[in-house]
Amino acid sequence: MNMEHINVIHARQNNLKNISVQIEKKKITVFTGVSGSGKSSLVFETIGAEAQRQFSETQGSFIRNRLQHIGVPDVDKIDNLNVPIIINQKRLGGNARSTVGTATDVYASLRLLFSRMGTPFVGYSNVFSFNNPLGMCKECEGLGIVQTVNVDTLIDKQKSLNEGAVQFPTFQPGGWRLTRYTLSGYFDNDKKLKDYTPQEWDLLLHAAEHKPKHPNQEWGKTVRYEGIIPRIEKAFLKKQSKEIITRKEALNHIIITKTCPVCDGKRLDDKILSCKINGKSIADCTALSIDELLEFVGSLPSSAFDVILAELKKKLQHIVNIGLQYLTLDRRTDTLSGGESQRIKMVRNLGSSLTDLLYIFDEPSIGLHPKDLQNIAAIIKQIRDKGNTVLLVEHDPDLIRIADRVIDMGPQSGKNGGEIVYEGTVEGLKTSTGKTGLYFAKAPQINKKPRSAGGYLEIRHANLHNLKDIDVSIPQKVMTVVTGVAGSGKSTLINKVLPQFYPETTIIDQSLFSTGMRSNLLTYLGLSDAIRKTVCNSKPCIR
């Protein structure tokens, strides 16, 4: 048996047409083809899935039951698989405690540096973690944000308590929570809230828990009074309960999230933030862009901490090399795009000394400026040169060109795809009759007769995120391409600022659909009713 190849025998997953292929190990193999041609079906859902499944089977039952359960792909056999590292575009997600710093492990090195080099000494590296009770801000519990009640949406001041001024379930007329206020003896229940005195207003919203002096005779003997806002915060914001789930929509209406007023979003308590290196706290460092932080760390002369500094600089340089120098370590991972998430996963593996692994990448070029592609290419070659096998699903010509071998799928998509159109070198791809080959054989053309604008969309004084008070006129009735390196402000300008000036703007982005478990492509596109009507008109139908 040839152990130098991964042998795929008769793959039929999705639209694959019973194909067999040999993939040389310790080389870069790039899979090309139009969208829907079968690239992902072969690479991810067949080779990657089977490698993951077989690796999972080697684990004990305790670990195996906690791993993702992957079905058996529709393939006769795959020989000589390596342990897989699948680096796809699935968003990192995570919760509010997961940041770029924690995901890349850079924050651990930064915590170690501050525990050794920072002054005054406040404790060892663990106290610099915002997930540790010893160091986290007590007000926001290390989240940097707090949730509170938006009085403007909770209260309709034009109504009285009896008319439903409190716009939240169980606080409305007939609701059991409202009786805590209508029976307290404090208020004229028919008085409009806009006419409340400052004292009444404070008593209704903010009063601490106490026993009222002259409540209605129906008031329970052990019942205590408390303002609406602290009551909602205790019931819904500071504990987990089934009612929180059932009231989720109502809560979204009245709850606002704001920066923690105590730590100012820095997540740590004052004692930890008092520890500084060259005038910067650890929170100041995480708020710097990666390239700025690398410059700061590089300016620290200290032979006593050379090992820590060298490790930190190496990790930061990896992030710069991968084109994410514009990120900050305090950026939450659930705000990263699919392309950014994939590159963060790449950073995790750059420091690994493991070899003879199977690395599978899903379009690592996505979202990258051409200037950053060469760094990505160098990283992928570095992974191969350490003795690993690399599979890439890719459209970008610059990354296709680094392939040791190209496998082009097609000839078209869906039921008209699922075949291997070409196998061979990049140079030989130009002679292929497939769509990818035709593209490589054709010289690119520039539009020499662009259309004239039919008016302009004017944006003035744009300052959001990193935009620096810019003015721009976007031409109408033509196609305009907005370019720039990753993090330069393209998405902020077009996806965030433009709709503020022109609310009628339709944004088509890469965000996930907001749908339920029963949603599918037909329901999302609004075609289900038309199809049901057609079917029912053509034959007897159950109604």
Side-chain angles (χ1 to χ4, degrees), residues 1-34 36-59 64 67-88 349 352 354-364 380-381 383-394 399-400 402-411 413 415 417-429 432-434 436-437:
M1 182 182 292
N2 186 353
M3 301 297 290
E4 297 302 313
H5 293 82
I6 296 172
N7 300 310
V8 181
I9 303 167
H10 300 308
R12 297 173 295 274
Q13 185 73 21
N14 299 334
N15 68 335
L16 299 180
K17 293 182 170 59
N18 203 40
I19 64 174
S20 299
V21 64
Q22 279 194 334
I23 300 169
E24 190 172 359
K25 292 188 176 184
K26 300 182 181 179
K27 300 289 185 181
I28 298 172
T29 301
V30 178
F31 293 78
T32 61
V34 297
S37 60
K39 305 184 301 298
S40 295
S41 294
L42 177 58
V43 177
F44 288 96
E45 297 184 51
T46 301
I47 299 172
E50 181 63 8
Q52 278 190 313
R53 187 189 69 80
Q54 291 189 22
F55 178 69
S56 297
E57 291 299 318
T58 67
Q59 306 301 309
R64 192 166 61 246
L67 294 175
Q68 181 182 0
H69 293 280
I70 300 168
V72 180
D74 191 0
V75 59
D76 284 357
K77 188 179 182 182
I78 305 181
D79 292 324
N80 310 327
L81 280 171
N82 303 69
V83 174
I85 303 292
I86 297 178
I87 303 177
N88 56 25
N349 289 280
S352 173
L354 296 174
T355 62
D356 208 19
L357 300 173
L358 173 61
Y359 282 84
I360 301 178
F361 293 93
D362 183 12
E363 290 187 59
I380 292 172
K381 290 177 182 178
I383 290 173
R384 174 201 59 190
D385 294 343
K386 286 168 63 176
N388 299 299
T389 303
V390 179
L391 308 184
L392 262 70
V393 170
E394 187 54 76
L399 279 190
I400 293 172
I402 72 171
D404 297 305
R405 190 170 185 82
V406 174
I407 296 178
D408 190 38
M409 302 293 295
S413 60
K415 66 180 182 179
E419 300 178 36
I420 295 177
V421 176
Y422 170 81
E423 276 187 84
T425 63
V426 176
E427 193 62 31
L429 182 61
S432 167
T433 58
T436 309

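For clarity, every value in this text was computed on a predicted model and none was experimentally measured.
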Exercise for the section: Quick one: do Ile6 and Asn82 satisfy side-chain contact (heavy atoms from CB on, under 4.5 Å)? Show the steps, please. Expected result: CA-CA 8 Å; Ile6 296 172; Asn82 303 69; 4.1 Å; yes
Problem - Intermediate values then yes/no, side-chain contact (heavy atoms from CB on, under 4.5 Å), Phe31 and Ile23 - result: CA-CA 11 Å; Phe31 293 78; Ile23 300 169; 3.8 Å; yes
Problem - side-chain contact (heavy atoms from CB on, under 4.5 Å) between Leu16 and Glu45, intermediate numbers included - result: CA-CA 11 Å; Leu16 299 180; Glu45 297 184 51; over 6 Å; no
Exercise for the section: Dump the intermediate steps for side-chain contact (heavy atoms from CB on, under 4.5 Å) on Ile47 and Leu81, then the final yes or no. Expected result: CA-CA 8 Å; Ile47 299 172; Leu81 280 171; 4.0 Å; yes
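The closest side-chain heavy-atom distance from Leu399 to Phe361 is not below 4.5 Å. Counting only heavy atoms from C-beta outward, the side chains of Ile9 and Val75 never approach each other to under 4.5 Å. At a threshold of 4.5 Å between non-hydrogen side-chain atoms, the residues Ile85 and Asn388 do not count as touching. Contact check for Ile28 versus Val30: side-chain heavy atoms found under the 4.5 Å cut-off. At a threshold of 4.5 Å between non-hydrogen side-chain atoms, the residues Glu50 and Val8 do not count as touching. Residues Ile87 and Pro364 have side chains not in contact (no heavy-atom distance under 4.5 Å, counting atoms from C-beta outward). Put simply, the side chain of Val83 does not reach to within 4.5 Å of the side chain of Leu354, judged on heavy atoms. Using a 4.5 Å heavy-atom cutoff, the side chains of Asp362 and Ile86 are not in contact.
If you run side-chain contact (heavy atoms from CB on, under 4.5 Å) between Phe55 and each of Gln59, Gln52, Arg53, only Gln59 comes through. Each of Arg384, Lys381, Glu24 was evaluated against Asp404; a single residue qualifies, Arg384, per the side-chain contact (heavy atoms from CB on, under 4.5 Å) test.
In Glu427, the CD atom is not crowded: 12 or fewer heavy atoms of neighbouring residues, nucleotides or ligands sit closer than 6.0 Å. Summarising the local packing, NZ of Lys25 is surrounded by more than 12 heavy atoms from other residues, nucleotides or ligands at distances under 6.0 Å.
Interatomic distance, Leu42 CG to Glu419 CD, rounded to the nearest 0.5 Å: 13.0 Å. Taking NZ from Lys17 and OG from Ser41, the interatomic distance works out to 10.5 Å, rounded to the nearest 0.5 Å. Separation of atoms CD1 (Ile407) and CG (Leu392) is listed at 12.0 Å; rounding is to 0.5 Å. Here the straight-line distance linking atom OG of Ser40 with atom CE of Met409 works out to 10.0 Å at 0.5 Å rounding. Atom OG1 in Thr355 sits 8.5 Å away from atom NZ in Lys386 (nearest 0.5 Å). Taking CG of Asp408 as the reference point, atom NZ of Lys39 lies at 9.0 Å (rounded to 0.5 Å).
A salt bridge links Arg12 to Asp76: one of the charged nitrogens lies within less than 4.0 Å of a carboxylate oxygen.
The two atoms that bring Ile420 and Glu423 nearest to each other are CG2-CG, 3.8 Å, heavy atoms only. Residues Thr46 and Ala11 approach most closely at CG2-CB, 4.2 Å, considering heavy atoms.
Looking at Thr389, its side chain does come within 3.5 Å of a backbone N or O of Lys26 through a donor-acceptor pair.
Looking at Asn7 and Gln22, their side chains do bring a donor and an acceptor atom within 3.5 Å of each other.
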